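One structure is given here, and the rest of the page talks about it.
We name chains A, B, ... by the order of the sequence lines, and we start the count at 1 in each one. This one's a predicted model, so the numbers in the text were calculated from it and none came from an experiment.
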Amino acid sequence: MSDSNANDHKLRVSKIRDGTVIDHIRGGQAINVLAILGIDGSRGEEVSVGMNVPSDRLARKDIVKVEGRELSQDEVDVLSLIAPDATINIVRDYDVEAKHRVERPDVVEGVLECPNADCITATDEPVTSRFEVLEDGVRCDYCGTIVRENIAELIRE
Amino acid sequence: MRHDHLITSKQLSRADIETVLDRAAEIDADPEAVAGKYAGTLLGLLFFEPSTRTKMSFETAMKRLGGDVVDMGSIESSSVKKGETLADTVRVIEGYADALVLRHPRQGAPKMASEYVDVPLVNAGDGAGHHPSQTLLDLYTIRENAGLDDLTIGIMGDLKYGRTVHSLAYALTNFDAQQHFISPESLQLPREVVYDLHQEGATVREHDDLDDVLPTLDVLYVTRIQRERFPDEDEYQKVAGQYQIDLETLEAASDDLTVMHPLPRVDEIAPDVDETDHASYFEQAHNGVPVRMALLDLLLGDSA
Ligand SMILES: [Zn+2]
């Protein structure tokens with residue numbers, strides 16, 4: 001681990017047996033990460049969240065540990081939009097089985113809703129939303145609207 | 001052209017544009033040569049928003065090529081009113097027609113529709129989005145009057161909601177054209193259009209006063225500022241007058257200035273301008289037919 005105080009983190013946020021640890025989330029974005037993953041605790045998942053933990057790489061970072069759940073590629077793609085520096089650790093039987101940085105996809109489909117009320121995707125037409133991922137935001141493929149801030153708010157219910 | 005559909009002018013390269021304009025010039029010079037070329041071919045007109053001019057222009061173009069049109073009629077009397085989706089409508093009409101022309105109030109509607117059909121589809125205007133066939137006739141008119149390179153153009157009026165403006169601005173990035181955008185602050189170009197123009201390497205110069213740039217212009221493209229864009233009548237009146245032109249305004253312009261307008265106009269160009277050599281808007285409207293004939297010829301010819 002690159003963080004000098006990694007051991008402290010482990011004390012703060014308990015180890016999980018099987019599941020996913022999302023580390024190096026930008027400070028304050030953990031709540032949005034949970035929103036993207038549709039985790040609100042109602043399904044009984046065991047979730048640990050560390051917010052504004054000191055980090056070498058980011059001044060302050062958030063960390064989310066989800067017991068019993070491995071993220072799909074779609075989920076990781078969208079996660080990358082709000083947590084571009086995140087690392088995903090898949091844990092099986094207390095061991096980190098796989099560890100990767102998120103990569104920003106070129107396109108996200110069916111995950112975000114266009115905020116433009118005049119967009120064809122904001123109707124009952126059989127059309128899947130599609131957003132091109134820009135360096136600093138996302139852009140609706142149908143109407144061209146660019147969103148740079150609060151992307152998490154566009155996540156479909 | 002290697003495109004099956006014409007959705008936005010962004011998809012057009014300089015070569016594409018020149019292919020259409022050259023073909024339009026050939027047709028303009030000798031319309032008889034293509035008079036019966038598309039006998040038996042049907043163009044489907046799907047206008048979900050009233051637009052007599054654009055619709056008649058496409059209709060005339062198709063008929064002059066020897067083909068005919070099928071028209072879904074007014075929105076009020078069609079199944080659309082009963083809640084049929086656009087996706088269903090285009091798939092049904094595709095069964096009758098060899099190509100489709102779509103005007104729709106929602107942005108992105110033509111793009112979605114094109115994903116459901118195999119015949120060529122032309123966007124004839126989608127909300128505040130794009131209007132690429134208008135852009136082709138605009139470019140044709142500009143080329144005839146001022147040339148497309150070493151061009152200084154002012155685009156004035158409602159730049160925010162003006163789809164003809166967005167389409168034209170994108171297309172002009174293919175040429176050596178200096179673009180000046182003149183509008184009230186509340187009706188400036190949408191930021192995403194500015195972003196795109198920057199991406200294409202264009203310099204975007206925005207002004208709120210025509211006087212700043214008028215003497216330098218080869219072309220002044222005027223669009224209408226609509227009352228309903230303003231919260232109250234006073235606000236509208238304050239702004240509207242500043243963006244109207246008449247003979248007096250044009251005293252500061254070069255003798256060669258070409259004045260254009262996508263029409264219909266209300267009072268943004270005074271009638272006294274009509275008789276001057278500056279006025280090109282009726283010629284521009286006339287060019288709609290040969291340009292749309294060329295466009296249909298290229299789309300139908302390719303898909304056959
Ligand atoms: Zn959209």
Let me confirm one number: the CD-CZ distance from B:Glu192 to A:Arg139, rounded to the nearest 0.5 Å.
6.5 Å
Heavy-atom side-chain proximity of A:Thr123 to B:Arg106 below 4.5 angstrom:
yes
A:Asp124 atom CG, over 12 foreign heavy atoms within 6.0 Å
no
How about A:Glu149: does its CD atom have over 12 heavy atoms from other parts shown lying under 6.0 Å from it?
no
Give a yes or no on this: more than 12 heavy atoms of other residues, nucleotides or ligands lie within 6.0 Å of atom NZ of B:Lys10.
yes
Spatial distance of atom CG (B:Asp126) from atom OH (A:Tyr142) [nearest 0.5 Å]:
13.0 Å
Does B:Glu185, at its CD atom, have more than 12 non-hydrogen atoms belonging to other residues, nucleotides or ligands within less than 6.0 Å?
no
Other residues, nucleotides and ligands only: do more than 12 of their heavy atoms fall within 6.0 Å of CG on A:Asp106?
no
More than 12 heavy atoms from other groups under 6.0 Å of CD on B:Gln199:
yes
Straight-line distance of B:His104 NE2 to A:Asp118 CG, nearest 0.5 Å
11.0 Å
Under 4.5 Å from any heavy atom of chain B - which part of A:Asn116
side chain
Residue B:Asp196 versus chain A: region with a heavy atom under 4.5 Å
side chain
Mind checking the NZ-CZ spacing from B:Lys111 to A:Arg130? Nearest 0.5 Å is all I need.
5.0 Å
Working to the nearest 0.5 angstrom, can you tell me the gap between A:Ile120 CD1 and B:Leu86 CG?
5.5 Å
